[in-house]
Amino acid sequence: MSCWTEELEILKKQDMFRALRTVDSSQGTKVLLAEGEVLLLCSNNYLGLASHPALIEAAAKAVRDWGAGTGGSRLISGSMTPHAQLEEKLAAFKGTEAALLFNSGYAANTGLLQGLFGPDDVIFSDALNHASIVDGCRLSKARTVIYPHGDAAALECLLSREEKDRQGRWVIVTDGVFSMDGDVAPLVDLVRLKKRYNALLMVDDAHGTGVLGEGGRGTAEHLGCLEEVDLHMGTLGKALGCFGAYVAADRVIVDTLINRSRSFIFSTSLPPSIPASAMAALDIVQSVEGESLRLALWSNRALFAERLQRGGLSTGESTTQIVPVLTGEPAPTMKLAQSLLTAGIFVQGIRPPTVPAGNCRLRATLMATHAPGDLERAADLILQAMAGVFR
Ligand SMILES: *Cc1c(COP(=O)(O)O)cnc(C)c1O
């Protein structure tokens, strides 16, 4: 045991130690911590649906109708009517032939890349893609070519370099909205490249689904190329307020995943209450209520980011509800997060390996349900705290 104790001591000395913080309330815009009630500025519950009465009621009804658990994986006895209904709804939402549920976004990305690609194939992956994509690339044993973040021109160079002795399948994989920077992938350029080089395009829209695009269909709808994406991966645990994930794609892809994807095959299926509340969330996203939640989110985002910028802070390339404030090294980052917490603002400091070394940041995330006045106060407190630490 002592070697781990020593390793943890080193992490602590480097301000790199991670510990859990217990939230003692439901996930509203304000939550209860040991420190008291704080403004929640680090949740992916962008539309506030995690505590929406319609989702709660749908989950409660499903528990009564279908029970608490499924008792098996999808391929054994755990594939139930609510799973099938949600998959049909997700396919219609993304405009694909079919969809398949996974137990989490992590399981979806690892299972999708492992299930569809192998040693003869090449995965072209954005340098800032989510860790679950990185792990999926490893599990697939495909050759993985990392291209510089968001750089379609650099990707094109790599594609043409690989073309000489090409064999197997090619796939370009990218986050839709990048989770730590809040910028958006250049999907229109990636569509052009995937066509020119006969590759597939996979978009992980964990942070775009529900919030971007006129109908909340995500980054590809926002950029006008929804039909061009071959593999739509998305999660149900962020804007959709519950848990789990999906892949929407052609039937042949979904059938292949059912037969090959280990994270799908070897895991108990989601409890029926999850697809039930996810369907309620999808109904809201596609309703007038969803539209007005998105409007509120974008107006909150503008208010908050502009106030930080007017105070002299850069929010990088972010154009979305994820607003980073660069802080550099771990020590000042964690000091800032702690002092903001004392002031009643819960915002996370982000350190390696989540972001590259030297790129630590406070990552603020906005919700449709935040009160504008609270966001103004939070922005002012962040400006004050930054001025205090980086005097
Ligand atoms: C959160 C996230 C995931 C993982 O999804 P979970 O359902 O939380 O496992 C995958 N990709 C991206 C880009 C994410 O932000």
Side-chain angles (χ1 to χ4, degrees), residues 20 23 27 42-47 49-50 55 83 86 90 94 99-115 123 125-140 146 149-150 171-185 187 190 201-212 218-220 222 229 231-248 261-264 267-271 274-275 277-278 281-282 317-324 348 350 353-356 361 363-367:
L20 299 176
V23 173
Q27 296 282 344
C42 53
S43 171
N44 305 320
N45 176 24
Y46 301 126
L47 299 178
L49 297 186
L55 274 75
H83 300 115
L86 174 58
L90 285 166
K94 293 284 180 173
L100 188 67
L101 291 176
F102 282 83
N103 287 357
S104 70
Y106 187 90
N109 278 334
T110 51
L112 185 147
L113 292 167
Q114 168 273 320
I123 301 173
S125 179
D126 187 286
L128 293 189
N129 275 344
H130 191 262
S132 55
I133 294 178
V134 174
D135 292 0
C137 292
R138 291 177 183 148
L139 277 174
S140 75
I146 312 282
H149 173 56
V171 60
I172 299 167
V173 51
T174 182
D175 285 11
V177 175
F178 285 86
S179 51
M180 295 301 135
D181 293 81
D183 57 338
V184 168
L187 290 187
L190 299 186
L201 177 60
M202 167 177 166
V203 177
D204 171 347
D205 220 12
H207 296 281
T209 298
V211 301
L212 280 181
T219 311
H222 173 62
V229 175
L231 304 162
H232 297 267
M233 177 273 179
T235 63
L236 307 172
K238 287 169 179 159
L240 296 182
C242 32
F243 184 64
Y246 61 87
V247 175
S261 177
R262 295 171 65 85
S263 67
F264 175 83
S267 200
T268 301
S269 57
L270 292 167
I274 297 291
S277 48
L282 274 179
E317 302 295 312
S318 163
T319 56
T320 66
Q321 75 279 8
I322 299 168
V323 179
Q348 283 288 356
I350 309 284
T354 313
V355 293
R361 66 199 59 191
R363 171 184 181 267
T365 49
L366 284 304
M367 294 169 64

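Just so you know, ligand 1 is whichever comes first in the structure, and atom 1 is the first atom listed for that ligand. Fair warning: this is a prediction, and the values are worked out from it, not measured in the lab.
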Novice: If you count the atoms of ligand 1 from 1 in the order shown, which ones are under 4.0 Å from a heavy atom of T235?
Specialist: 5 (O), 7 (O)
Novice: So is S132 close enough to ligand 1, meaning a heavy atom under 4.0 angstrom away?
Specialist: yes
Novice: List the atom of S267, the atom of S263, and the distance in Å for their closest heavy-atom pair.
Specialist: CB-O, 3.4 Å
Novice: Is there side-chain contact between L86 and L236, with heavy atoms separated by less than 4.5 Å?
Specialist: yes
Novice: Can you find a pair of side-chain heavy atoms, one from L231 and one from M233, that are under 4.5 Å apart?
Specialist: no
Novice: If we ignore hydrogens and angles and just use 3.5 Å, is the side chain of D126 paired with the main-chain N or O of G150 as donor and acceptor?
Specialist: yes
Novice: Going by heavy atoms in the side chains, are F178 and H149 under 4.5 Å from each other?
Specialist: yes
Novice: Does any N/O atom on G105 come nearer than 3.5 Å to any N/O atom on ligand 1?
Specialist: yes
Novice: Short list, please: which atoms of ligand 1 are under 4.0 Å from a heavy atom of Y106?
Specialist: 4 (C), 5 (O), 6 (P), 9 (O)
Novice: Short list, please: which atoms of ligand 1 are under 4.0 Å from a heavy atom of S179?
Specialist: 15 (O)
Novice: Check ligand 1 against D204 and write out every atom of the ligand that is under 4.0 Å from a heavy-atom position of the residue.
Specialist: 10 (C), 11 (N), 12 (C), 13 (C)
Novice: If you define the side chain from C-beta out and look only at heavy atoms, does anything of V323 sit under 4.5 Å from L366?
Specialist: yes
Novice: Please classify the N44 to ligand 1 contact at 4.0 Å (heavy-atom distances, strictly less than): side chain, backbone, both or neither.
Specialist: neither
Novice: Provide the number and element of each atom of ligand 1 under 4.0 Å from a heavy atom of H207.
Specialist: 14 (C), 15 (O)
Novice: Is D175 close to ligand 1, meaning an N/O of one under 3.5 Å from an N/O of the other?
Specialist: no
Novice: Are the side chains of T209 and H232 in contact, using a 4.5 Å heavy-atom criterion?
Specialist: no
Novice: Within a distance under 4.0 Å of any heavy atom of N109, pick out the atoms of ligand 1 and give their elements.
Specialist: 10 (C), 11 (N)
Novice: Is a side-chain N or O of N109 found less than 3.5 angstrom from the main chain of L113, in a donor-acceptor match?
Specialist: no
Novice: Considering only heavy atoms of K238, which atoms of ligand 1 have at least one such atom less than 4.0 Å away?
Specialist: 1 (C), 2 (C), 3 (C), 14 (C), 15 (O)
Novice: As an exercise, identify every atom of ligand 1 less than 4.0 angstrom from a heavy atom of A206.
Specialist: 2 (C), 11 (N), 12 (C), 13 (C), 14 (C), 15 (O)
